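Written out below as structure tokens is the structure these notes cover.
Residue numbers begin at 1 in each chain, while the letters A, B, ... track the order of the sequences. Computed from a predicted structure; not experimentally measured. What you see below is based on every heavy atom in this structure, not just the backbone, and it leaves out hydrogens, waters and symmetry mates.
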Number of protein chains: 2
Amino acid sequence: MCNSHKHECECHSGQMRRFIQPCMLLLLYEKPTHGYELMEKLRDFGFENGNPDPGAVYRNLRKMEEEGLVESKWETEGTGPAKRLYSVTPEGLDILHSWSVNIRNNIKRLEYFLERYEKNFND
Amino acid sequence: MCNSHKHECECHSGQMRRFIQPCMLLLLYEKPTHGYELMEKLRDFGFENGNPDPGAVYRNLRKMEEEGLVESKWETEGTGPAKRLYSVTPEGLDILHSWSVNIRNNIKRLEYFLERYEKNFND
DNA sequence: TATGTATATATGTTTTTAACATATAAGGAG
DNA sequence: CTCCTTATATGTTAAAAACATATATACATA
């Protein structure tokens, strides 16, 4: 991701704060599912250095459930250990929509940065 | 920024982590200056809710100086209290360049999210 | 039967960032 | 002298990310 060699990537990921949340909401809107599968699908969104931290996934699910953004029920059918099946609530959908506005604004912000950056280095 | 009314903006700013750093480096590259002026110029980059936190600005300057990304000297000339004039070092410039790559990647990531979001809601 | 691996959820701990608040001081205006 | 602007700095708290570990089911295979 980061191409600094002298400084061991001092810019870290520069990832958007809490970006995992809208990704999880969107995935759950597309198809209600459980944490483990969600974790794998999150790689689509660039949480790919290894897998996204299971701790982050499960804790976010619980937190969003507390906040009423998702709801869950135990799925004991099928093989393997029981799964907790999550789906998005109407409140969660509202939040997902507001995230999309927010993300759009953030893209503009980052593009402003790049334009200004390029004025200095690519002309 | 966030348009959720029921939830007091649960998506918060969703700002890019540590985004203030590349902005400061870019501004200092454009023109070496001191913290207070930097603070005002940062509004260009969307740190606009009031002013960007002075604490953030000054602490980041000190931290970047420790890391060798910027350097400073006291400016006692002129009116008002003394200013600490900062400028970017070659190392800081390297980091700025790696940030630009990182930011470009993050825009792609956010755009991927939006495309996928729109497939669900704008078709 | 013991061992390992994949699936699945959960929590503990530490570090890093962000947010909010406050302290200090120079110098000019009134 | 008091207030405002400019200027830098630090203290405290809260939130988020990063890293580590614990637990349990079920299946494969040696």
Side-chain angles (χ1 to χ4, degrees), chain A residues 1-2 8-24 32-42 45-67 70 72-86 106, chain B residues 1-2 8-24 32-42 45-67 70 72-86 106:
Chain A
M1 276 282 190
C2 178
E8 294 167 327
C9 196
E10 284 186 57
C11 59
H12 299 283
S13 71
Q15 248 184 67
M16 195 184 193
R17 268 186 102 187
R18 297 185 62 194
F19 183 53
I20 201 173
Q21 191 183 86
C23 294
M24 287 170 71
T33 187
H34 58 280
Y36 194 84
E37 197 184 12
L38 212 47
M39 219 169 67
E40 297 183 328
K41 289 187 172 179
L42 279 167
F45 294 93
F47 296 91
E48 77 246 283
N49 3 338
N51 277 11
D53 183 5
V57 172
Y58 290 107
R59 261 195 278 250
N60 269 285
L61 283 169
R62 296 304 209 90
K63 195 175 169 243
M64 290 196 285
E65 191 165 26
E66 269 179 49
E67 290 167 351
V70 299
S72 72
K73 59 184 178 198
W74 282 103
E75 166 73 67
T76 49
E77 314 279 302
T79 181
K83 310 167 219 277
R84 205 188 269 277
L85 272 178
Y86 284 90
N106 269 280
Chain B
M1 275 283 191
C2 179
E8 294 166 326
C9 196
E10 284 186 57
C11 58
H12 300 282
S13 71
Q15 247 184 70
M16 195 184 192
R17 273 185 96 187
R18 298 186 60 193
F19 184 53
I20 201 174
Q21 189 182 89
C23 295
M24 287 170 71
T33 186
H34 59 280
Y36 194 83
E37 196 183 11
L38 212 46
M39 218 169 65
E40 297 182 329
K41 289 187 173 179
L42 278 167
F45 293 94
F47 297 90
E48 77 246 283
N49 2 338
N51 277 11
D53 184 6
V57 173
Y58 290 107
R59 261 196 278 250
N60 268 286
L61 283 170
R62 294 307 209 91
K63 196 176 168 244
M64 288 196 287
E65 191 165 26
E66 268 179 49
E67 291 167 350
V70 299
S72 70
K73 58 183 178 200
W74 282 104
E75 166 73 67
T76 48
E77 313 281 301
T79 180
K83 311 166 218 278
R84 203 190 271 277
L85 272 179
Y86 284 90
N106 269 280

Base versus backbone protein contacts along nucleotides 4-12 of chain C [heavy-atom cut-off under 4.0 Å; B, S, -]: ---BBBBBB

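Checked against side chain to side chain contact (heavy atoms under 4.5 Å, CB included), B:Asp53 has the following partners two or more places apart in sequence or in another chain: B:Ala56. For the side chain to side chain donor-acceptor pair (under 3.5 Å) test, no residue two or more places apart in sequence or in another chain qualifies with B:Glu75. For the side chain to side chain contact (heavy atoms under 4.5 Å, CB included) test, residues two or more places apart in sequence or in another chain that qualify with B:Pro54 are B:Met39, B:Tyr58. Annotation: ring pair (Phe, Tyr, Trp, His ring centres under 6.0 Å) contacts of A:Phe45 (sequence neighbours excluded): B:Tyr112. For B:Tyr36, the ring pair (Phe, Tyr, Trp, His ring centres under 6.0 Å) test picks out no residue, with sequence neighbours left out.
Protein atom CD of A:Glu66 is 13 Å distant from nucleotide atom P of D:dA15, rounded to whole Å. In this structure, the NZ atom of B:Lys41 is 15 Å from the P atom of D:dT6, given to the nearest Å. Put simply, CE on A:Met16 is 15 Å from C1' on C:dA18, counting in whole angstrom units. Note: CD (B:Glu65) to C1' (D:dT8) measures 13 Å, nearest angstrom. Regarding B:Glu67, its CD atom lies at a distance of 9 Å from the P atom of C:dT17, rounded to whole Å. Atom-to-atom, CZ of B:Arg18 to P of C:dA19 comes out at 14 Å; the value is rounded to the nearest Å.
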Step-by-step salt bridge (charged side-chain N to carboxylate O under 4.0 Å, His left out) determination, B:Lys63 to B:Glu67: CA-CA 6 Å; B:Lys63 196 176 168 244; B:Glu67 291 167 350; 3.6 Å; yes

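An OP1 or OP2 oxygen of C:dT17 is reached within less than 4.0 angstrom by no side-chain nitrogen or oxygen of B:Arg17. The phosphate of D:dA16 has OP1 or OP2 within less than 4.0 Å of a side-chain N or O from A:Lys63.
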